[in-house]
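Order of listing sets the numbers, starting from 1, for every ligand and every atom in it. For reference, positions follow the sequence shown, starting with 1.
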Amino acid sequence: MLKNIVILTGAGISAESGIPVFRSETGLWENHNVDDVATPEGYERDPDLVRNFYNTLRSNLKKVEPNPAHKALAKLEENWKNGTVTVITQNIDDLHERAGSKNILHMHGELLKQSCYVLHGGCGDVFEIHTDQKPTDCCPHCGKMGTLRPHIVWFGEMPLYMDEIAQILSEGDLFISIGTSGVVYPAAGFVSTAHRYNIPTVEFNLEPSATKGFFDYGIYGKAGTTLPKFVDRLLECNGDLNQLF
Ligand code: BJW
């Protein structure tokens with residue numbers, strides 16, 4: 001029987017809420033060069049630019065709401081009685097939480113958190129933040145000034161919860177990927193891990209992703225339309241995939 005459901009989400013699930021995806025034709029993120037705002041080197045070059053970039057993204061969270069795709073995943077978690085539903089998200093927004101999902105791992109960090117940067121002499125602790133981060137802020141734990149940074153995993157940094165994710169993948173019975181281009185590792189490799197464990201894999205996207213070859217099934221269209229229908233059918237047939245595909 002299908003017990004544990006593992007879900008990987010990416011920027012595409014939040015697109016219909018109004019948060020832009022990363023990979024656009026311009027190659028820019030919110031009008032910034034990726035190297036400037038999403039690498040440790042960019043932060044060393046211009047911490048104010050990076051701090052302000054994430055302050056703006058954090059502030060913009062107030063203007064967006066979860067969409068039917070986020071709500072469908074929360075509904076699945078609440079109503080799935082055969083095992084666990086885990087959302088591993090690459091997203092740094094809080095829309096899964098606001099939709100009602102509880103079992104979430106933010107592998108690329110969270111906009112509503114900041115950390116005390118060890119490489120700048122900080123203590124490594126992580127704290128909630130709901131306002132703008134300022135260069136004069138002091139760490140609530142070690143008291144140092146100027147060591148707080150956005151709690152975001154930048155390129156070249158180790159994503160979070162990797163041991164837990166490896167365990168969750170090894171215990172999964174169904175792997176679902178939603179709204180991710182499949183180009184950023186290690187997240188892009190989770191489907192091949194699931195494939196090696198011989199569990200069914202499904203992707204939801206506007207179009208086949210870079211890792212489409214590893215998916216057993218692809219459901220293409222806007223996740224806000226396709227996912228609620230899929231979740232309803234999954235719950236109705238109690239996870240019998242033969243009835244679903
Ligand atoms: C819809 C939709 C709708 C739209 N409905 N769908 C060379 C080869 C291989 C790897 C590397 C390499 N050189 C360097 C690396 C490693 C690097 C990497 O992968 N780089 C590649 C770009 C080549 N990775 C890292 O550095 C990571 N760390 C690492 O590898 O450490 C070592 C390690 C190895 C093994 C195990 C453990 C550790 C860290 C990656 C950190 C990523 N951080 C970011 C930035 C966040 C900050 C910010 O917000 O500014 O996270 S990058 C960015 O990309 C963000 C995202 O989470 C991530 C993934 O993007 P995502 O979510 O897939 O978005 P898009 O825009 O790409 O795609 C959206 C999709 O949605 C599209 O497909 C649309 O079609 C679809 N869509 N609307 C359904 N309505």
Side-chain angles (χ1 to χ4, degrees), residues 7-43 49-58 60-61 64 66-70 72-73 87-96 105-115 149-166 169 176-193 202-212 215 218-230:
I7 298 160
L8 174 69
T9 64
I13 196 168
S14 295
E16 289 164 69
S17 294
I19 300 181
V21 297
F22 290 95
R23 280 156 196 89
S24 63
E25 280 168 14
T26 63
L28 297 176
W29 294 357
E30 308 258 333
N31 293 322
H32 286 82
N33 189 308
V34 175
D35 290 338
D36 289 337
V37 293
T39 62
E41 295 78 16
Y43 186 63
L49 174 97
V50 177
R51 198 180 296 110
N52 290 336
F53 177 76
Y54 291 101
N55 281 344
T56 304
L57 295 188
R58 188 179 306 110
N60 286 346
L61 286 181
V64 296
N67 67 53
H70 298 104
L73 295 186
V87 176
I88 302 166
T89 187
Q90 299 169 82
N91 298 344
I92 57 177
D93 64 54
D94 63 343
L95 295 179
H96 284 305
L105 294 173
H106 281 272
M107 65 176 290
H108 288 165
E110 294 173 66
L111 275 172
L112 297 181
K113 289 188 178 161
Q114 58 182 339
S115 60
R149 60 164 274 185
H151 188 51
I152 306 295
V153 177
W154 292 318
F155 283 111
E157 296 186 315
M158 180 67 87
L160 306 168
Y161 310 113
M162 289 308 297
D163 290 346
E164 277 144 282
I165 290 170
L169 285 169
I176 303 174
S177 170
I178 305 157
T180 179
S181 52
V183 298
V184 176
Y185 285 83
F190 294 168
V191 62
S192 61
T193 306
V202 193
E203 84 166 340
F204 288 80
N205 202 311
L206 293 180
E207 59 194 12
S209 71
T211 49
K212 66 176 186 302
F215 285 99
I219 298 178
Y220 299 108
K222 290 186 173 183
T225 306
T226 56
L227 197 61
K229 288 184 199 154
F230 177 83

S.K.: Using a 4.0 Å cut-off to any heavy atom of Gly156, which atoms of ligand 1 qualify?
M.R.: 25 (C), 26 (O)
S.K.: Look up atom CD in Gln114 and atom CZ in Arg51, then write down how far apart they are to the nearest 0.5 Å.
M.R.: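 One finds 10.5 Å between CD of Gln114 and CZ of Arg51.
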S.K.: Counting only heavy atoms closer than 4.0 Å, does ligand 1 sit against the backbone of Glu16, its side chain, both, or neither?
M.R.: side chain
S.K.: Decide yes or no on side chain to side chain contact (heavy atoms under 4.5 Å, CB included) for Ile13 and His96, but give the supporting numbers first.
M.R.: CA-CA 10 Å; Ile13 196 168; His96 284 305; 3.9 Å; yes
S.K.: Is the closest side-chain heavy-atom distance between His106 and Ile92 below 4.5 Å?
M.R.: no
S.K.: Has ligand 1 got any nitrogen or oxygen that is less than 3.5 angstrom from a nitrogen or oxygen of Glu157?
M.R.: yes
S.K.: Ignoring hydrogens, tell whether any protein atom lies closer than 4.0 Å to atom 27 (C) of ligand 1; use the non-hydrogen atoms only.
M.R.: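 Given the 4.0 Å cut-off, atom 27 (C) of ligand 1 counts as touching protein heavy atoms.
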S.K.: What is the closest protein heavy atom to atom 23 (C) of ligand 1, and at what distance does it sit?
M.R.: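 Going by distance alone, atom 23 (C) of ligand 1 is nearest to Val183 O, 4.0 Å.
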S.K.: Please indicate whether any nitrogen or oxygen in Val153 is less than 3.5 Å from any nitrogen or oxygen in ligand 1.
M.R.: yes
S.K.: With respect to Thr180, determine whether any N or O atom, backbone or side chain, lies less than 3.5 Å from an N or O atom of ligand 1.
M.R.: yes
S.K.: Which residues pass the salt bridge (Lys or Arg N to Asp or Glu O under 4.0 Å) test with Glu203, not counting sequence neighbours?
M.R.: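 Partners of Glu203 under the salt bridge (Lys or Arg N to Asp or Glu O under 4.0 Å) test: none.
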S.K.: Go through it in stages, so that I can follow the logic: the residues are Tyr220 and Leu206, the test is side chain to side chain contact (heavy atoms under 4.5 Å, CB included), and I'd like the CA-CA distance, side-chain angles, deciding distance and then a yes or no.
M.R.: CA-CA 5 Å; Tyr220 299 108; Leu206 293 180; over 6 Å; no
S.K.: Testing the basics here: between Ala210 and Val183, what is the closest heavy-atom pair and its distance to 0.1 Å?
M.R.: CB-CG1, 3.9 Å
S.K.: Going by a strict under-4.0 Å cutoff (protein heavy atoms only), does atom 3 (C) of ligand 1 have a neighbour on the protein?
M.R.: yes
S.K.: For the residue pair Ser14 / His70, report whether a side-chain donor-acceptor contact shorter than 3.5 Å exists.
M.R.: yes
S.K.: N/O of Ile92 under 3.5 Å from N/O of ligand 1, yes or no?
M.R.: no
S.K.: Protein heavy atoms near atom 11 (C) of ligand 1, is at least one of them under 4.0 angstrom away?
M.R.: no
S.K.: Are Glu207 and Lys222 close enough for a salt bridge, meaning some N to O gap below 4.0 Å?
M.R.: no
S.K.: Can you say whether the rings of Trp154 and Tyr43 are parallel (under 30°), tilted (30 to 60°) or perpendicular (over 60°)?
M.R.: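 The rings of Trp154 and Tyr43 sit tilted, inter-plane angle from 30° to 60°.
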S.K.: Can you see which heavy atom on Pro150 is nearest to which on Ser115, and at what distance?
M.R.: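 Minimum heavy-atom separation between Pro150 and Ser115: O-OG, 4.3 Å.
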S.K.: When only distance counts, is Ile152 in polar contact with ligand 1, meaning an N/O pair under 3.5 Å?
M.R.: no
S.K.: Between ligand 1 and His108, is the shortest N or O to N or O distance under 3.5 Å?
M.R.: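 Right, the criterion is met.
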S.K.: Counting only non-hydrogen atoms of the protein, does one fall under 4.0 Å from atom 15 (C) of ligand 1?
M.R.: no
S.K.: State the CD1-CD1 distance between Ile165 and Ile88, to the nearest 0.5 angstrom.
M.R.: 4.5 Å
S.K.: Within the 4.0 Å heavy-atom shell around Phe53, which atoms of ligand 1 are there?
M.R.: 50 (O)
S.K.: Are any of the N/O atoms in Ala11 less than 3.5 Å from those in ligand 1?
M.R.: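 Yes, there is a polar N/O contact under 3.5 Å.
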S.K.: What residue and heavy atom of the protein are closest to atom 53 (C) of ligand 1, and at what distance?
M.R.: Trp29 CH2, 3.6 Å
S.K.: Check this for me - ligand 1, Ala38, N or O atoms closer than 3.5 angstrom, yes or no?
M.R.: no
S.K.: Look up atom 8 (C) of ligand 1 and tell me if a protein heavy atom lies less than 4.0 Å from it?
M.R.: no
S.K.: How far is atom 37 (C) of ligand 1 from its nearest protein heavy atom, and which residue and atom is that?
M.R.: Met158 SD, 3.2 Å
S.K.: Name the closest protein heavy atom to atom 25 (C) of ligand 1, giving the residue it belongs to and the distance to 0.1 Å.
M.R.: Tyr185 O, 3.6 Å
S.K.: Not counting sequence neighbours, which residues clear ring-ring contact (aromatic ring centres under 6.0 Å, His included) with Phe190? List them please.
M.R.: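 With sequence neighbours excluded, Phe190 shows a ring-ring contact (aromatic ring centres under 6.0 Å, His included) to no residue whatsoever.
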S.K.: Select the closest option to atom 76 (C) of ligand 1 among Thr9, Asn205, Ile219, judged by heavy-atom distance.
M.R.: Asn205
S.K.: What distance do Thr89 atom OG1 and Leu105 atom CG have between them, rounded to the nearest 0.5 Å?
M.R.: 10.0 Å
S.K.: What protein heavy atom sits nearest atom 5 (N) of ligand 1, and how far away is it?
M.R.: Ala223 N, 2.9 Å
S.K.: Give me the nearest non-hydrogen protein atom to atom 20 (N) of ligand 1 as residue plus atom name, then the distance to 0.1 Å.
M.R.: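 Going by distance alone, atom 20 (N) of ligand 1 is nearest to Phe155 CE2, 3.8 Å.
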S.K.: Looking only at protein heavy atoms, which one is nearest to atom 59 (C) of ligand 1, and what is the separation?
M.R.: Gln90 OE1, 3.3 Å
S.K.: So how far is it from Ile176 CD1 to Ile7 CD1, rounded to the nearest 0.5 Å?
M.R.: 5.0 Å
S.K.: Any idea which atoms of ligand 1 are less than 4.0 Å away from a heavy-atom of Gly10?
M.R.: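 Near Gly10, the atoms of ligand 1 are 62 (O).
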S.K.: Hey, are Thr180 and Gln90 close enough side-chain-wise for a donor-acceptor pair under 3.5 Å?
M.R.: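 Their side chains do contain a donor-acceptor pair, which is all the 3.5 Å distance test asks for.
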S.K.: What residue and heavy atom of the protein are closest to atom 70 (C) of ligand 1, and at what distance?
M.R.: Gly179 O, 3.4 Å
S.K.: Between Ile152 and Glu110, is a side chain to side chain contact (heavy atoms under 4.5 Å, CB included) present by the stated rule, with each step listed?
M.R.: CA-CA 6 Å; Ile152 306 295; Glu110 294 173 66; over 6 Å; no
S.K.: At the 4.0 Å heavy-atom cut-off, does Pro159 count as touching ligand 1?
M.R.: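 Yes.
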S.K.: Should the proximity of Ala15 to ligand 1, defined as any heavy atom under 4.0 Å, be assigned to the side chain, the backbone, both, or neither?
M.R.: side chain
